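Here's the structure we're looking at; comments come further down.
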Amino acid sequence: MPKILRVAGEVDGWCTKCRFVLNHRIVSLKNGKPHQVECLTCRTQHLWRPHSPGEKSAAATDGGRSGRSPSEGPGPRATRGTRVTPTMRREQQWEKAILGHGVNEFKSYAVGASFREGDLLRHKKFGDGIVTRVIDAHKVEVLFRDEARTLAQSMS
């Protein structure tokens, strides 16, 4: 059964800022398809793109006979071993940590606030992150998409 799309619902799409297929909130629909969306990761609004640039939908590549939905991607392809860099590993760890969490579960970061391991926070400059460890009463380590950072906490 196909997923019913509606304004304020969620849909996967290519984020033009993050450069990943991520979860987006539907801002407007056009002809029953998402038109304007807001990335739930970086909060930018843009036109909906169902897949990354240069990637053709399954229907376009084989006339719709593949049995795959466009959201499943193009499927496996033959490559010589893809090298997984530490940056890719960190981004995958970050995506896995925040996957499935609603936008209302993120606390706004403030120097005076106190955080625990596993807390989700939203920083004005660095974006969404997850507290990976409490270093001491005044420092926490937070994993953001681009890197882990040490932030102050419980400061008056």
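The shown structure was predicted, so the numbers you read here are calculated from the model rather than taken from an experiment.
- Applying the side-chain hydrogen bond (donor to acceptor under 3.5 Å, both in side chains) rule to Lys139 yields no partners; only residues at least two apart in sequence or on another chain are considered.
- Closest non-hydrogen pair, Val7 versus Ser28, comes out as CG2-CA, 4.2 Å.
- Shown here for Arg122 and Asp128, the closest heavy-atom pair between the two residues is NE-OD1, 2.7 Å.
- Remark: Phe126 pairs with His123, Phe144 by the ring pair (Phe, Tyr, Trp, His ring centres under 6.0 Å) rule, at least two apart or across chains.
- In this structure, Trp14 shares a hydrophobic cluster with Val21, the cluster being traced through Ile, Leu, Val, Met, Phe, Trp and Tyr side chains under 4.5 angstrom apart.
- In this structure, CG in Leu29 is found 6.5 Å from CG in Leu5, a value given to the nearest 0.5 Å.
- To the nearest 0.5 Å, atoms CZ (Arg25) and SG (Cys39) are separated by 11.0 Å.
- Considering CH2 of Trp48 and NZ of Lys33, their distance stands at 6.5 Å, rounded to 0.5 Å.
- With sequence neighbours excluded, the residues that form a side-chain hydrogen bond (donor to acceptor under 3.5 Å, both in side chains) with Glu147 are Arg149.
- Distance CG/Leu151 to CG/Leu121: 7.0 Å, rounded to 0.5 Å.
- Counting all heavy atoms, side chain and backbone alike, Ile26 lies closest to Arg6 at CD1-O, 3.4 Å.
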Inset, instruction - Would you sort out whether Asp136 and Val134 count as a side chain to side chain contact (heavy atoms under 4.5 Å, CB included), showing the intermediate values? - result: CA-CA 6 Å; Asp136 62 35; Val134 176; over 6 Å; no

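- Scored by the side-chain hydrogen bond (donor to acceptor under 3.5 Å, both in side chains) test, Glu91 finds no partners at all (sequence neighbours excluded).
- Not counting sequence neighbours, Glu117 has no partner by the salt bridge (charged side-chain N to carboxylate O under 4.0 Å, His left out) test.
- The distance from the CG atom of Leu143 to the CG atom of Asp146 is 9.0 Å, given to the nearest 0.5 Å.
- The CG atom of Asn23 sits 11.5 Å away from atom SG of Cys15, with the distance rounded to the nearest 0.5 Å.
- The hydrophobic cluster around Phe20 extends to Leu22, counting ILVMFWY residues whose side-chain heavy atoms fall within less than 4.5 Å of a member.
- Every residue meeting the salt bridge (charged side-chain N to carboxylate O under 4.0 Å, His left out) condition with Arg133, not counting sequence neighbours, appears here in chain and number order: Glu141.
- At distances below 3.5 Å, not a single donor-acceptor pair connects side-chain atoms of His51 with backbone N or O atoms of Gly13.
- In this view, His35 satisfies the ring pair (Phe, Tyr, Trp, His ring centres under 6.0 Å) rule with no residue, not counting sequence neighbours.
- Residue pairs meeting the side chain to side chain donor-acceptor pair (under 3.5 Å) criterion with at least one partner in residues 38-47, sequence neighbours excluded, are His24-His46.
- Under the 4.5 Å side-chain contact rule for hydrophobic residues, Ile130 and Val142 do not share a cluster.
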Output a table of donor-acceptor pairs, distance under 3.5 Å, between side-chain atoms of residues 102-112 and any protein atom two or more places apart or on a different chain; print 'none' if there are none.
unit_1	atom_1	unit_2	atom_2	d
Glu105	OE1	His101	ND1	2.9
Glu105	OE2	Gly102	N	2.9
Lys107	NZ	Asp119	OD2	3.3
Tyr109	OH	Ala152	N	3.3
Tyr109	OH	Ala152	O	2.6

Inset, instruction - Any chance you could lay out the side chain to side chain contact (heavy atoms under 4.5 Å, CB included) test for Glu10 and Leu40, step after step, and finish with the verdict? - result: CA-CA 9 Å; Glu10 294 181 3; Leu40 296 178; 3.6 Å; yes

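- Side-chain contacts under 4.5 Å among hydrophobic residues (ILVMFWY), followed directly or transitively, place Val27 with no other residue at all.
- At least one side-chain heavy atom of Thr150 sits under 4.5 Å from a side-chain heavy atom of Ile135.
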